[in-house]
Amino acid sequence: MLRVLILGGTGDVAQLTARITNITGVEVITSLAGRTREPVLPAGNVRVGGFGGVTGLVEYLQHQQIDILIDATHPFANHISWNAVVAATEAGIPRLLVNRPPWEKLLGDHWIEVENITNAAAALEHQAKRVFLTIGRQEISAFTHLQEMWFLMRMIDPLPANVITPPGFILCDRGPFNLENEREILTHHQIDTIVSKNSGGNATYPKIIAAREMGIKVVMVNRPPIPPGEQVADVESAVMWLLDKVNVLQ
């Protein structure tokens, strides 16, 4: 029985886990970071929480006798992705990165592309009045100095009571989101600018479509550099890669 560890963090993980679970002779463990209070759990064995850096991940791979590591974390969770490279190398096991394609700017999009959240906040100054902030809750503090603006801040879980936020309203919701709902949000709150990470995928893309239709600016945070190594763009390709490895290792 080959043991596969999937580092989760995207909506594709449940589908990937379900597909791999059906492969004869393979056992799957899915690891989630635990940043959301009630994550959507994939089928099979699931662990929640960090590993304690590279050393902890190596120890886990060895202790659990993991044969293959698949990194399906969020495109902006680059710290764990780089740790996965080092840990897989030290453990001497194959590693695959599932890296879904980023969104591409289309005709009608009004994007201001920036390299990080700090630059996104700077891009808003003197350019926006009512902002739809769709970056999650981890980096809200980068916008607290923008007191002259109003922010609609969408996140899965509410913030702790002691966290300082910019002026505005917190909307707790979980994707996938539909186009009609995103149009309604932008209209009701009179949004003139969206801040988004270029996470790719379909779950949150409707806001980009709505912004295009309505002529609303999007401050788009580009992805951080990805680590070297084998990578695929979708679940089907990941399954095919795994099947090849299984045939070699068994």
Side-chain angles (χ1 to χ4, degrees), residues 6-16 31-36 39 50 53-54 57 69-88 95-124 127-128 131-143 153-156 174-177 182 193-212 216-238 241:
I6 299 177
L7 304 177
T10 65
D12 296 331
V13 169
Q15 181 185 356
L16 177 60
S31 177
L32 304 178
R35 290 185 175 178
T36 57
V54 172
L57 181 53
L69 178 62
I70 297 180
D71 177 3
T73 54
H74 192 276
F76 282 80
N78 62 323
H79 185 69
I80 182 62
S81 291
W82 284 91
N83 285 353
V85 173
V86 179
R95 177 198 63 90
L96 176 71
L97 174 65
V98 183
N99 183 38
R100 64 192 184 196
W103 300 320
E104 295 184 2
K105 186 178 180 180
L106 301 180
L107 181 66
D109 284 326
H110 300 276
W111 287 9
I112 302 170
E113 297 185 66
V114 297
E115 296 307 309
N116 52 53
I117 292 295
T118 301
N119 290 350
L124 294 177
Q127 301 293 327
V131 180
F132 189 18
L133 199 56
T134 64
I135 60 166
R137 63 177 188 161
Q138 301 295 323
E139 298 168 288
I140 292 292
S141 61
F143 300 87
M153 297 161 274
R154 183 161 68 189
M155 57 195 71
I156 295 176
R174 185 196 299 266
F177 303 105
E182 300 297 68
T193 308
I194 296 174
V195 178
S196 174
K197 294 178 178 179
N198 194 339
S199 55
N202 298 321
T204 62
Y205 189 62
K207 67 188 175 190
I208 306 301
I209 300 175
R212 183 186 308 133
I216 292 174
K217 297 189 298 292
V218 178
V219 177
M220 185 66 76
V221 183
N222 291 326
R223 294 182 180 184
I226 62 170
E230 294 184 90
Q231 63 172 290
V232 296
D234 53 48
V235 168
E236 186 63 35
S237 299
W241 177 91

Item to complete: Supply the atom-to-atom distance Thr193 OG1 to Lys217 NZ, rounded to the nearest 0.5 angstrom.
Response: 3.5 Å

Fill in: side chain to side chain contact (heavy atoms under 4.5 Å, CB included) partner of Ile70, chosen from Leu16, Val232, Leu7
Leu16

Item to complete: Might you point out which heavy atoms bring Ala121 and Ala142 nearest each other, and give the distance in Å?
Response: CB-O, 3.4 Å

Worksheet item: Looking at Ile117, Asn119, Thr118, which one forms a side chain to side chain contact (heavy atoms under 4.5 Å, CB included) with Glu115?
Response: Asn119

Worksheet item: Mind checking whether Ile226 and Ser81 have side chains closer than 4.5 Å, heavy atoms only?
Response: no

Worksheet entry | Atom CG of Asn116 with >12 non-hydrogen neighbours under 6.0 angstrom | yes

Discussion item. For a quick test of reading the model, state the closest non-hydrogen atom pair linking Pro75 to Ser199 and the distance between them.
Written reply: CG-O, 3.5 Å

Response to the item:
Correct closest heavy-atom pair for Val85 and Pro227 would be CG2-CB, 3.4 Å

Worksheet item: Which residues satisfy the salt bridge (Lys or Arg N to Asp or Glu O under 4.0 Å) test with Glu104, sequence neighbours excluded?
Response: none

Worksheet item: Checking side-chain contact (heavy atoms from CB on, under 4.5 Å) for the pair Ile208/Met220: CA distance, chi angles, key distance, verdict?
Response: CA-CA 10 Å; Ile208 306 301; Met220 185 66 76; 3.8 Å; yes

Fill in: Non-hydrogen atoms of Gly8 and Thr73 that approach each other most closely
O-CG2, 3.7 Å

Fill in: Interatomic distance, Gln231 atom CD to Ser237 atom OG [nearest 0.5 angstrom]
11.0 Å

Item to complete: Indicate yes or no: at least one non-hydrogen side-chain atom of Phe143 is less than 4.5 angstrom from one of Val195.
Response: yes

Discussion item. Looking at every non-hydrogen atom in both residues, tell me the closest pair between Glu182 and Lys207 and how far apart they are.
Written reply: OE2-CB, 3.3 Å

Worksheet entry | Between NE2 on residue His74 and CG on residue Asp12, distance to nearest 0.5 Å | 11.0 Å

Worksheet item: Under the salt bridge (Lys or Arg N to Asp or Glu O under 4.0 Å) test, which residues partner Glu236, sequence neighbours left out?
Response: Arg19

Worksheet, complete the sentence: d(Ile112 CD1, Ile194 CD1) to nearest 0.5 Å is 12.0 Å

Discussion item. Nearest 0.5 angstrom please: Met153 CE to Leu133 CG, how far?
Written reply: 7.0 Å

Discussion item. Before you tell me yes or no, could you show the steps for Met155 and Ile140 under side-chain contact (heavy atoms from CB on, under 4.5 Å), namely the whole-Å CA-CA distance, both residues' side-chain angles and the distance that decides it to 0.1 Å?
Written reply: CA-CA 10 Å; Met155 57 195 71; Ile140 292 292; 4.1 Å; yes

Discussion item. Looking at every heavy atom in both Gly201 and Trp103, which two are closest together, and how far apart are they?
Written reply: O-NE1, 2.9 Å

Discussion item. Could you check whether any side-chain N or O of Arg223 sits under 3.5 Å from a backbone N or O of Asn198, counting only pairs where one atom can act as donor and the other as acceptor?
Written reply: yes

Discussion item. Rounded to the nearest 0.5 Å, what separates atom CD1 in Ile80 from atom OG in Ser31?
Written reply: 7.5 Å

Worksheet item: By salt bridge (Lys or Arg N to Asp or Glu O under 4.0 Å), which residues pair with Lys197, not counting sequence neighbours?
Response: Glu139

Fill in: Stepwise side-chain contact (heavy atoms from CB on, under 4.5 Å) test for Leu124 and Val131
CA-CA 9 Å; Leu124 294 177; Val131 180; 4.2 Å; yes

Item to complete: Kindly determine whether Ile135 and Phe76 satisfy side-chain contact (heavy atoms from CB on, under 4.5 Å), including the steps that lead there.
Response: CA-CA 10 Å; Ile135 60 166; Phe76 282 80; over 6 Å; no

